[in-house]
Amino acid sequence: MLKTDTILIPIPALFSFQECLWFLNRNYDDCLHEIRQDSIYKALEVKGEMVLIKVTENGAFLELDVLEGDIDADGKEYLVAYVKDWFDMDNAIQPFYDLLKTDGRLAYMTDRYKGLRLIGISNLFEAICWSIIGQQINLSFAYKVKRALVERFGKSITRDGVSYYVFPEAAILAEVSKEDLKAIQFSSQKADYMIGIAKAFASGALSKEMIIDLPDFESRKKALTAHKGIGIWTANYALMKCLREPQGIPFGDIGLLNALANHNIIQDRKEIEKINALFAQYAGWESYLVFYLWRSLTVREPA
DNA sequence: CCCCAGGACGTCT
DNA sequence: AGACGTCATGGG
């Protein structure tokens with residue numbers, strides 16, 4: 001099928017496609033998108049149909065091309081909303097920069113990482129599963145496990161001999177066996193956690209809409225941590241990446257702690273009061289601060 | 001063998 | 001509430 005659909009999305013102030021690309025391409029092997037020549041290729045499922053999109057920069061616009069899959073006007077609208085949410089394009093982040101500029105230790109970020117946006121995970125089930133996979137293991141291994149899971153249980157669409165995957169549906173993962181997951185290097189505990197979460201989503205006991213409808217951050221966090229396998233770190237990570245809760249601070253995150261130590265904001269990992277004092281200065285932009293601190297971490301070279 | 005990695009959970013005080 | 005031990009798995 002030939003490419004026919006091109007959509008242009010205006011780029012807002014303080015937005016850098018190159019910085020967003022850096023995050024998506026930071027030497028980790030993420031199976032849910034591919035980057036070639038400054039373009040992002042990603043599979044999505046739109047109204048039950050697999051679609052392959054390409055996102056690239058085109059002057060003052062992001063260019064969104066539908067490479068595979070038939071979509072109607074509603075589908076286009078969905079894709080535009082998806083990309084805007086993915087790159088947090090509707091968020092005016094100048095107030096965050098104003099805060100950074102008053103912070104001697106972090107002011108440099110407004111230049112060095114200018115235009116970096118908090119890259120999201122719009123699927124709550126995926127966001128939770130990904131954070132469960134990432135619990136207490138190094139990121140390289142976490143991406144390896146995710147790839148095995150996605151390539152085994154996720155739908156895909158192929159173009160030019162390359163397959164692009166979407167994250168598996170909850171209904172599928174709800175039915176897999178613990179042994180299936182252990183075979184792709186899940187720990188026995190994480191296998192139980194993820195099957196349990198998948199069953200909750202598959203049955204409707206848990207959903208993004210339900211969490212959004214809760215009145216405030218604390219009740220959302222409680223609703224998530226009520227499930228086995230979702231602790232403070234996982235709940236806050238999911239709320240930060242999916243629901244874009246500013247208060248979604250993944251407390252205890254080793255990367256966050258390392259970044260704070262690198263900036264001499266803390267000396268050791270137990271200085272909770274210093275961490276709280278820092279985030280108090282960034283009220284409303286806590287999750288952005290976390291993301292920028294992650295950005296500051298040097299990334300290992302690929303093996 | 002050791003320690004570490006984008007933690008969670010139980011069980012003690 | 002908060003500290004501590006335990007659980008799993010792969011990488012260095």
Side-chain angles (χ1 to χ4, degrees), chain A residues 22-32 116 118-121 124 126-149 152 167 177-198 200 206 218 221-245 247-263 265-266 268-273 275-276 278-279 286-303:
Chain A
W22 180 91
F23 177 80
L24 290 173
N25 200 25
R26 53 186 181 144
N27 287 340
Y28 291 117
D29 180 31
D30 195 325
C31 57
L32 293 179
L116 173 66
L118 203 174
I119 308 298
I121 300 175
L124 180 62
E126 175 190 335
I128 292 174
C129 290
W130 171 229
S131 50
I132 288 173
I133 292 171
Q135 288 167 6
Q136 190 61 21
I137 60 176
N138 66 71
L139 271 182
S140 302
F141 179 51
Y143 278 106
K144 180 181 169 192
V145 172
K146 182 170 95 167
R147 176 176 288 280
L149 179 77
R152 169 117 189 238
F167 195 80
S177 72
K178 188 170 170 178
E179 285 64 37
D180 283 336
L181 296 180
K182 292 184 76 168
I184 53 176
Q185 296 176 285
F186 272 72
S187 73
S188 147
Q189 291 167 323
K190 286 187 187 178
D192 286 336
Y193 296 162
M194 215 184 60
I195 292 169
I197 298 297
L206 187 53
E218 281 305 319
K221 196 166 72 175
K222 262 189 187 167
L224 292 180
T225 54
H227 294 265
K228 269 208 188 301
I230 303 182
I232 300 285
W233 179 84
T234 299
N236 281 334
Y237 179 89
L239 290 170
M240 160 187 179
K241 292 281 279 186
C242 180
L243 300 188
R244 300 190 173 285
E245 288 274 11
Q247 304 171 72
I249 306 168
F251 286 108
D253 178 81
I254 192 64
L256 172 60
L257 293 170
N258 286 339
L260 293 172
N262 292 343
H263 288 83
I265 292 168
I266 59 170
D268 79 73
R269 297 174 181 184
K270 285 186 277 189
E271 294 177 307
I272 308 295
E273 64 293 337
I275 298 173
N276 288 337
L278 174 71
F279 281 111
E286 297 94 325
S287 60
Y288 253 88
L289 178 59
V290 171
F291 202 71
Y292 271 59
L293 286 166
W294 281 344
R295 171 66 178 88
S296 74
L297 294 168
T298 53
V299 176
R300 59 180 284 285
E301 292 303 313

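Residue numbering restarts at 1 for every chain, and letters A, B, ... go by the order of the sequence lines.
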K.L.:
Checking contacts here: which listed nucleotide (C/dT9, B/dA8, B/dA5) is nearest the side-chain heavy atoms of A/W233?
P.N.:
B/dA8
K.L.:
Counting any heavy atom closer than 4.0 Å, what does A/Q185 reach on the DNA or RNA strands: base, sugar-phosphate only, or nothing?
P.N.:
sugar-phosphate
K.L.:
When all nucleic acid strands are considered with a 4.0 Å heavy-atom cut-off, which category describes A/S131: base, sugar-phosphate, or nothing?
P.N.:
nothing
K.L.:
Whether A/R269 contacts B/dA5 is assessed here as follows: a side-chain N or O lying under 4.0 Å from the phosphate OP1 or OP2. Is that the case?
P.N.:
yes
K.L.:
More 5' along DNA chain C: A/K144 or A/Q136, using each one's nearest nucleotide?
P.N.:
A/Q136
K.L.:
Find the distance between NZ (A/K144) and CG (A/N138) and round it off to the nearest 0.5 Å.
P.N.:
10.0 Å
K.L.:
Would you mind reading off the distance between A/D29 atom CG and C/dG11 atom P, rounded to a whole angstrom?
P.N.:
13 Å
K.L.:
Take the protein atom CG of A/L181 and the nucleotide atom P of C/dG10, then report the distance between them rounded to whole Å.
P.N.:
14 Å
K.L.:
Would you indicate which nucleotide in B/dC9, C/dG11, B/dG7 comes nearest to any side-chain atom of A/N138?
P.N.:
C/dG11
K.L.:
Can you tell me the distance, in whole Å, between the NZ atom of A/K178 and the P atom of C/dT9?
P.N.:
9 Å
K.L.:
Can you tell me the distance, in whole Å, between the CE atom of A/M194 and the P atom of B/dG7?
P.N.:
18 Å
K.L.:
Please evaluate residues A/K146 and A/D29 with respect to the criterion side chain to side chain contact (heavy atoms under 4.5 Å, CB included), reporting the C-alpha separation (whole Å), side-chain torsions for both, the decisive distance (0.1 Å), and the verdict.
P.N.:
CA-CA 10 Å; A/K146 182 170 95 167; A/D29 180 31; over 6 Å; no
K.L.:
Mind checking A/K228 for me? I need base, sugar-phosphate or nothing, with any heavy atom below 4.0 Å counting as a touch.
P.N.:
sugar-phosphate
K.L.:
Has the side chain of A/K190 got a donor or acceptor atom that lies under 3.5 Å from a matching backbone atom of A/L181?
P.N.:
no
K.L.:
5'-most contact on DNA chain B: A/T225 or A/Y143, nearest heavy atom basis?
P.N.:
A/Y143
K.L.:
Describe the nucleic acid contact of A/I232 in one word from base, sugar-phosphate, nothing, applying a heavy-atom distance below 4.0 Å.
P.N.:
sugar-phosphate
K.L.:
Locate the shortest heavy-atom distance separating A/F167 from A/L32; write the atom from each residue and the value.
P.N.:
N-CD2, 3.8 Å
K.L.:
Looking at the side chain of A/Q135, which of B/dA5, B/dG7, C/dA8 is the nearest nucleotide?
P.N.:
B/dG7
K.L.:
Please report, rounded to the nearest Å, how far the C1' atom of C/dT6 is from the NZ atom of A/K190.
P.N.:
15 Å
K.L.:
On DNA chain C, does the nearest nucleotide to A/S188 precede the nearest nucleotide to A/K270 from the 5' side, or the other way round? Give the residue.
P.N.:
A/K270
K.L.:
A/R244 side chain to A/L118 main-chain N or O, any donor-acceptor pair under 3.5 Å?
P.N.:
yes
K.L.:
For the pair A/F23 and A/F291, name the ring-plane relationship: parallel under 30°, tilted 30 to 60°, perpendicular over 60°.
P.N.:
tilted
K.L.:
Please work out if A/I137 contacts a base, only the sugar-phosphate, or nothing of the nucleic acid, heavy-atom cut-off 4.0 Å.
P.N.:
base
K.L.:
Send over the distance from A/I133 CD1 to B/dA8 P, rounded to a whole Å.
P.N.:
14 Å
K.L.:
Atom CG of A/L256 to atom P of B/dA5: distance rounded to whole Å?
P.N.:
13 Å
K.L.:
When we call it a touch if two heavy atoms are under 4.0 Å apart, what does A/K182 touch: a base, just sugar-phosphate, or nothing?
P.N.:
sugar-phosphate
K.L.:
Over all strands shown, is A/I230 touching base, sugar-phosphate only, or nothing at heavy-atom distances under 4.0 angstrom?
P.N.:
sugar-phosphate
K.L.:
Measure CG/A/L224 against C1'/B/dC9 and give the value in whole Å, please.
P.N.:
17 Å
